[in-house]
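In what follows, chains are A, B, ... by sequence order, proteins preceding strands, each numbered from 1.
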Amino acid sequence: MTKHYEVKMQVIAAMETQLSNGPTCNNTAHGSTTINNCSSPVDSGNTEDSKTNLIVNYLPQNMTQEELKSLFGSIGEIESCKLVRDKITGQSLGYGFVNYVDTKDAEKAINTLNGLRLQTKTIKVSYARPSSASIRDANLYVSGLPKTMTQKELEQIFSQYGRIITSRILVDQVTGVSRGVGFIRFDKRIEAEEAIKGLNGQKPPGATEPITVKFANNPSQKTSQAVLSQLYHSPNRRYPAPLAQQAQRFRLDNLLNIAYGVKSRFPPMTIDGMTSLAGINIPGHAGTGWCIFVYNLAPDADESILWQMFGPFGAVTNVKVIRDFNTNKCKGFGFVTMTNYDEAAMAIASLNGYRLGDRVLQVSFKTNKTHKA
DNA sequence: TCTAATT
């Protein structure tokens with residue numbers, strides 16, 4: 001059995017679970033459990049809060065704002081959508097906001113998309129709290145934890161100081177054993193401050209060593225600082241300031257590329273560019289990605305099923321279920337657009353012949369022929 | 001000993 005095949009089967013197995021049980025909680029994802037992920041998104045804990053605005057966490061690194069909008073737009077009309085990016089590098093910070101027109105759609109998005117697996121991530125969808133200074137810098141880094149301590153036990157210790165938004169214990173990627181360090185994010189910064197006062201240097205019940213509790217580093221500033229540091233130490237810095245902003249910009253592009261794989265404004269020629277220039281036609285290739293034809297969907301199939309099936313294989317930019325104009329029922333087929341050829345090919349190879357309920361799907365690159373009957 | 005959670 002090849003590695004490729006094992007990975008494929010894992011993806012399928014994960015999908016089976018999800019398709020049969022609906023979106024799952026984060027409870028088994030690399031020990032990075034988030035109790036609130038399961039219990040609290042629908043209960044915002046404050047009736048004053050906006051019930052249309054959602055925060056979406058743990059997005060795949062390569063997911064764009066358009067893809068975010070497309071995914072959540074499959075639920076209902078979106079008022080606004082924003083993927084949060086690093087101000088300097090432009091890199092996604094892995095979270096974003098989706099504001100619906102209708103509160104019912106926001107609730108539906110939480111119920112259907114929270115826990116959705118996209119590539120290596122399990123996204124979290126919950127109501128956004130009103131933005132304010134009091135909820136910033138409320139994240140704590142905890143070290144010296146007993147290796148046997150569970151996330152639940154960790155939360156129990158900290159919960160006396162306030163409302164916990166997330167908790168996590170880091171684990172060894174190979175063995176799965178706790179590394180004895182973790183994070184606690186409180187609702188309010190003052191709660192985090194009180195927890196430091198009360199728990200830093202204290203021994204948890206039954207523990208032999210005291211724990212360290214401090215404010216966590218801000219992960220989003222690391223990338224910016226790394227880029228700035230490289231710019232500072234780069235040879236260009238020796239030249240007088242007016243030396244062409246052009247040169248500096250290319251330099252920055254290169255640095256971003258090397259350090260973070262950021263897309264340059266002058267990307268290398270890709271198969272997309274080549275096909276459009278040459279005017280040649282490749283099956284399934286639509287210029288904006290690779291269009292996949294999915295046949296034998298059930299009458300009640302909706303867009304979310306396509307996201308759930310294809311999302312784990314890579315970047316999906318669009319999904320569409322074709323419906324009868326009068327009945328609004330699925331006519332038995334739909335389309336999925338994926339950015340990268342290899343991911344699309346893997347999805348097709350894995351999903352063609354896949355049994356969804358009592359139907360066997362046919363999945364292929366879209367051809368130019370009209371599909372009739 | 002540090003993960004991408006407030007526009």
Of the options A/Thr103, A/Val98, A/Asn99, which is the one that meets A/Asn53 in a side chain to side chain contact (heavy atoms under 4.5 Å, CB included)?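 Only match with A/Asn53 under side chain to side chain contact (heavy atoms under 4.5 Å, CB included): A/Asn99.
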
Tell me: [atom1] of [X] to [atom2] of [N], nearest whole Å?
| X | N | atom1 | atom2 | result |
| --- | --- | --- | --- | --- |
| A/Arg185 | B/dC2 | CZ | C1' | 12 Å |
| A/Gln65 | B/dT7 | CD | C1' | 10 Å |
| A/Asn99 | B/dT6 | CG | C1' | 13 Å |
| A/Phe215 | B/dT3 | CZ | C1' | 17 Å |
| A/Leu83 | B/dT6 | CG | C1' | 13 Å |
| A/Leu59 | B/dA5 | CG | C1' | 11 Å |
| A/Gln151 | B/dT3 | CD | C1' | 13 Å |
| A/Lys82 | B/dA4 | NZ | P | 21 Å |

Does any N or O in the side chain of A/Ser350 come within less than 3.5 Å of the main-chain N or O of A/Ala347, such that one atom is a donor and the other an acceptor?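 Not at all, since once roles are kept as given, no pair shorter than 3.5 Å links the two residues.
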
Taking the six-membered ring for Trp and the full ring for Phe, Tyr or His, determine whether the centres of A/Phe333 and A/Phe293 are under 6.0 Å apart.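 Centroid separation for A/Phe333 and A/Phe293: below 6.0 Å.
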
Would you please indicate yes or no on a ring centroid separation below 6.0 angstrom for A/Phe365 and A/Tyr341?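 That pair passes the under 6.0 Å test.
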
At less than 4.0 Å, is any side-chain N or O atom of [X] found next to OP1 or OP2 of [N]? Yes or no.
| X | N | answer |
| --- | --- | --- |
| A/Ser131 | B/dT7 | yes |
| A/Arg168 | B/dA4 | yes |
| A/Arg129 | B/dT7 | no |
| A/Asn217 | B/dC2 | no |

By nearest heavy atom, map A/Lys121 and A/Leu145 onto DNA chain B; which one lands nearer the 5' end?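 Counting from the 5' end, the first nearest nucleotide belongs to A/Leu145.
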
Which nucleotide in the set [options] lies at the smallest distance from any side-chain heavy atom of [X]?
| X | options | answer |
| --- | --- | --- |
| A/Arg136 | B/dT7, B/dA5, B/dT1 | B/dT7 |
| A/Tyr141 | B/dT1, B/dA5, B/dA4 | B/dT1 |
| A/Ala216 | B/dA5, B/dT7, B/dT3 | B/dT3 |
| A/Phe97 | B/dA5, B/dT7, B/dA4 | B/dT7 |

Categorize A/Tyr95 for me: base, sugar-phosphate, or nothing, with a 4.0 angstrom heavy-atom threshold over every strand shown.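 Sugar-phosphate contact only.
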
Touch check for A/Gly144, heavy atoms < 4.0 angstrom, all strands: base, sugar-phosphate only, or nothing?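 A/Gly144: base contact, heavy atoms under 4.0 Å.
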
For atom CD1 of A/Ile322, decide whether the heavy atoms of other residues, nucleotides or ligands shown that lie under 6.0 angstrom number more than 12.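 Yes.
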
Any stacking of A/Phe183 on B/dT3, going by centres under 5.5 angstrom and planes within less than 30 degrees?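 Yes.
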
